[in-house]
Amino acid sequence: MMQSAGSLRLLHTSDWHLGRTLYGRRRYGEFEAFLDWLVETLRQQRVDVLLVAGDIFDTTAPSNRAQQLYYRFLCQAANAGCRHVVIIAGNHDSPSFLTAPQELLRAMNVHVVGSTSEDIAEQVLTLHGADGEPELIVCAVPYLRDRDIRQAAAGESVADKERKLQDGIREHYDVVARLAEDRRTELGAHLPIVATGHLFTAGGQTIEGDGVRELYVGSLAHVHASLFSPSFDYVALGHLHVPQKVNDSEHIRYSGSPLPMGFGEARQRKSLCLVDLAVQEGQRQTGIELLEIPVFQRLERITGDWPAIAARLAELVAVGSDAWLEIIYQGEEIVSDLRERLDKATEGSAMEILRVKNSRIAERVLGRMHDQETLDELDEQEVFERCLDQHEVSQEQRPDLRHAYREVLQSIHEDDAGAIGGTHG
């Protein structure tokens, strides 16, 4: 996509999850390779503004190595000709940790919005061009926590809570859109307006094992695309790891995660959104192109009986693959020495087996437990479901128990983000 004269070029990314591991395997080499590639992309594509739509880190207390990668990248981005970087917090981030160096980062034109505040106008940013003139208005809306947008009331029903959540999110975006429109009226009628968000839209696509968690208790974790004002020329979203349009709208998109978060994403093509905003004959126009991200560490899930698994491993060995592997044995025959066979088949290769799941052994011997499975491999919901099964809880009781459990989890996640993040603030 050629950049036309007078246009403004944006690059949209999200869900880096710096510090995330895969079955105990650290991935700092991949993260570093991606960020180096991103710096070079900013330079080659002559990007003016980078939008990072949340979940920069995988936890609210990121490791020193993850922090080093983050701050090194911000310094390099400034030297790559990118005038502005806009970062919002996601549900995995600590708002106070991200915003602690806010004033220092602003000197490099890095704008960080960690959480909503009483003054919503703080989320409406005016970015200036190289000539000092206003060139873009950004509604930098971060992940909106339940307590930020809904006042709890005694005795309210689940339906009441869900309606309040939906109303709160919609009202928040309505307010920032009006503030942005007023700002544009003051500064110039043709200034483009873009918005950010970290949320789960209705119909959004996810993949098993990608680690995407529900943001709110109830169905309103999935908000409708109609809440975004028509005054937004582009909406940069984070939270879902699959690159996708929202409700088939070209200008409302998830960039997706730059790295596969699990083996379920192994065959997924990862990309960033390159956005050109221009004004022609008094009309604002938006052009969008997807930039494919290289594969920095190949993942492969091999499923089937032993002959199928062995054949695929032989193919990978023959081509010198260095893939990380997940093996799921699904043959009829019980193979008690599966791990030994796998080690022999990959001996001397650069491949690494990160996980083995022997479905036949699991079914016959361990019931629902998986071969070599650990608690780290299960999410909170899977653990709870197994507890319900273990205690033979009736199907009639389960919906209410699941709802109460999700409320407890939501409270824990949000309290942890504030408490752990606060130690850095």
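Source: prediction; values computed, not measured. Note that the numbering runs from 1 along the sequence shown for the chain.
Dense packing is recorded around CZ of R106, with more than 12 heavy atoms of other residues, nucleotides or ligands lying under 6.0 Å away. The environment of Q285 atom CD is dense: over 12 non-hydrogen atoms of other residues, nucleotides or ligands sit within 6.0 angstrom. By the 6.0 Å contact criterion, CZ on R65 is enclosed, its count of non-hydrogen atoms from other residues, nucleotides or ligands being greater than 12. In the displayed structure, R72 atom CZ is contacted under 6.0 Å by more than 12 heavy atoms of other residues, nucleotides or ligands.
By the 4.5 Å heavy-atom criterion applied to side chains, H198 and D15 are counted as neighbours. Residues Y329 and R341 are not in side-chain contact: their nearest non-hydrogen atoms beyond the backbone lie 4.5 Å or more apart. Between R27 and Q297 there is no side-chain heavy-atom pair separated by less than 4.5 Å. Taking the side chain as every heavy atom from C-beta outward, M351 and L316 approach each other to under 4.5 Å. Here the side chains of Y143 and D55 are not in contact, with every heavy-atom distance at 4.5 Å or above. Side-chain contact between S231 and R178 is absent, with no heavy atoms from C-beta onward closer than 4.5 Å. You'll find the side chain of L240 reaches within 4.5 Å of the side chain of F200, heavy atoms only. Here the side chains of F228 and N247 are not in contact, with every heavy-atom distance at 4.5 Å or above.
Taking CH2 from W37 and CG from L291, the interatomic distance works out to 6.0 Å, rounded to the nearest 0.5 Å. With values rounded to the nearest 0.5 angstrom, L98 atom CG is found 10.0 Å from I88 atom CD1. Here OG1 of T196 is found 8.5 Å from CG of L125. Values are rounded to the nearest 0.5 Å. For the atom pair OG of S14 and CG of L272, the computed distance is 9.0 Å after rounding to the nearest 0.5 Å. For the atom pair CG (D48) and CZ (R9), the distance works out to 8.5 Å, reported to the nearest 0.5 Å.
Applying the side-chain contact (heavy atoms from CB on, under 4.5 Å) rule to D248 yields the partners K245; only residues at least two apart in sequence or on another chain are considered.
Judged by distance alone, the side chain of D276 and the main-chain N or O of G287 form no donor-acceptor pair under 3.5 Å.
Using cut-offs of 30° and 60° on the angle between ring planes, the pair F263 and Y23 is parallel.
K344 has no carboxylate O lying under 4.0 Å from a charged side-chain N of E347, or vice versa, which leaves the two without a salt bridge. Salt bridge E30/R20: absent, no basic N to carboxylate O contact under 4.0 Å.
For the residue pair Q123 and T116, a side-chain donor N or O sits within less than 3.5 Å of a side-chain acceptor on the partner. A donor and an acceptor atom, one from each side chain of D233 and H251, are nowhere located under 3.5 Å apart.
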